[in-house]
Asks: 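One structure is given below, represented as structure tokens, and several questions about it will come after.
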Amino acid sequence: MSELYIRVAEDENEEPMEIPSEDDGTILLSSVAAQFPGACGLRYRNPESQCMRGVRLVEGVLHAPENDWGNLVYVVNYPKDNKRKMDEIDAASAVKVKRGFQKTSDLIVLGLPWKTSEQDLKDYFTTFGEVIMVQVKRDLKTGNSKGFGFVRFTEYETQTKVIAQRHMIDGRWCDCKLPNSKAGPDEPMRSRKIFVGRCTEDMTTDELRQYFMQYGEVTDVFIPKPFRAFAFVTFADDQVAQALCGEDLIIKGISVHISNAEPKHNNSRQMMDRGRFGAGGFSQVGECRYLRVVLFCCY
DNA sequence: GTTGAGCGTT
């Protein structure tokens, strides 16, 4: 089949974009996600029933309905609210996850000097990015600062960066955290990286990327060489990663087990180095022994 | 007029 393009849009009434198909007439989800980051599938309006229909998606490959893409405009699907384990329902669950983009939220700023004003706060935090709002909480009667406040940024990336480090404000070290959470510069942010156990040797980074794309935007796939029967997949969104932990997923007919990627070492160097987007080195401590047993049995 | 872990008057 000759190369053809299908028309894909973010919404039925939006301007469509042409996405190339593969030689066999299928479309790779990655081709769609290249134009629509975070996409997890396609749908279209069935001309007969006038109902929306989903396009068959098998391990990252989109298949034409009736083996013919026709002249329809296909609409991008994005991950809805990610499924979460019951015990993980907390403040973060209120955050709506849409196309890999997270809204910012107010951050509490702890440890402010008594003298620090809202203008001081704004001047300081603007060096990280655009600031929407700052507050210094004060005693109503005296007007004295209570030593803490709030800040909100326009960009989620700015928020991530600000939470990940300590702040010297008017001569005191201050911490910025999500309200009512203990996640701060001392506590690593919830990992965006998952450990994929029971991988087989024929699974490629591309295939894993294709597969995991259905859950959210994938930013990295790492397969240790030589073959060690596991891999790491990093998502743009930590909630996607966390939601998958504990699951057994079928990839190429093989049941793989998803668990949290643990920091490789907890030495001080890495704690210091952990910057904007969390730790660099990860391993999976929980299943090391299990893997060793499996490998031992195999040989 | 003080203080130093915390969690937001409107």
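Fair warning: this is a prediction, and the values are worked out from it, not measured in the lab. Proteins come first, then strands; the chains are lettered A, B, ... in the order of their sequence lines, and each starts at number 1.
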Asks: Name all residues meeting the ring-ring contact (aromatic ring centres under 6.0 Å, His included) criterion together with A/Tyr74; count only those two or more places apart in sequence or in a different chain, and write none if there are none.
Replies: A/Tyr44, A/Trp69

Asks: Hey, does the side chain of A/Lys137 come within less than 4.0 Å of B/dC7's phosphate (OP1/OP2), counting only N and O?
Replies: no

Asks: Rounded to the nearest angstrom, tell me the gap between atom CG in A/Asp106 and atom P in B/dC7.
Replies: 16 Å

Asks: In whole angstroms, how far is the C1' atom of B/dT2 from the NZ atom of A/Lys141?
Replies: 16 Å

Asks: Where the side chain of A/Lys146 is defined as all heavy atoms beyond and including C-beta, which of B/dG6, B/dG8, B/dG4 is the nearest nucleotide?
Replies: B/dG6

Asks: Measure CZ/A/Phe148 against C1'/B/dC7 and give the value in whole Å, please.
Replies: 6 Å

Asks: Is it the case that atom CD in A/Gln50 sees more than 12 heavy atoms from other parts of the structure closer than 6.0 Å?
Replies: yes

Asks: Could you state the atom-to-atom distance from CZ of A/Arg172 to P of B/dA5 in whole Å?
Replies: 8 Å

Asks: Which of the following nucleotides, B/dC7, B/dG8, B/dA5, is nearest to the side chain of A/Trp114?
Replies: B/dA5

Asks: How many whole angstroms separate atom CG of A/Asp139 from atom C1' of B/dT10?
Replies: 15 Å

Asks: Which part of the nucleic acid, if any, lies within contact of A/Leu112, taking any heavy atom under 4.0 Å across all strands shown: a base, the sugar-phosphate backbone alone, or nothing?
Replies: base

Asks: Roughly how many Å is it from CG in A/Leu121 to P in B/dG8, rounded to a whole number?
Replies: 17 Å

Asks: Starting from the 5' end of DNA chain B, give me the residue, A/Ser145 or A/Arg138, whose nearest nucleotide shows up first.
Replies: A/Ser145

Asks: Out of B/dG4, B/dC7, B/dG8, which nucleotide sits closest to the side chain of A/Lys177?
Replies: B/dC7

Asks: Is A/Phe150 stacked against the base of B/dG8, taking the criterion as centroid distance under 5.5 angstrom and interplanar angle under 30°?
Replies: yes

Asks: Is it the case that the side chains of A/Thr204 and A/Asp206 hold a donor-acceptor pair, with the cut-off being a distance below 3.5 Å and no angle test?
Replies: no

Asks: Which salt bridge (Lys or Arg N to Asp or Glu O under 4.0 Å) pairs, counting each pair once, include a residue from residues 105-132 of chain A, with sequence neighbours left out?
Replies: A/Asp106-A/Arg152

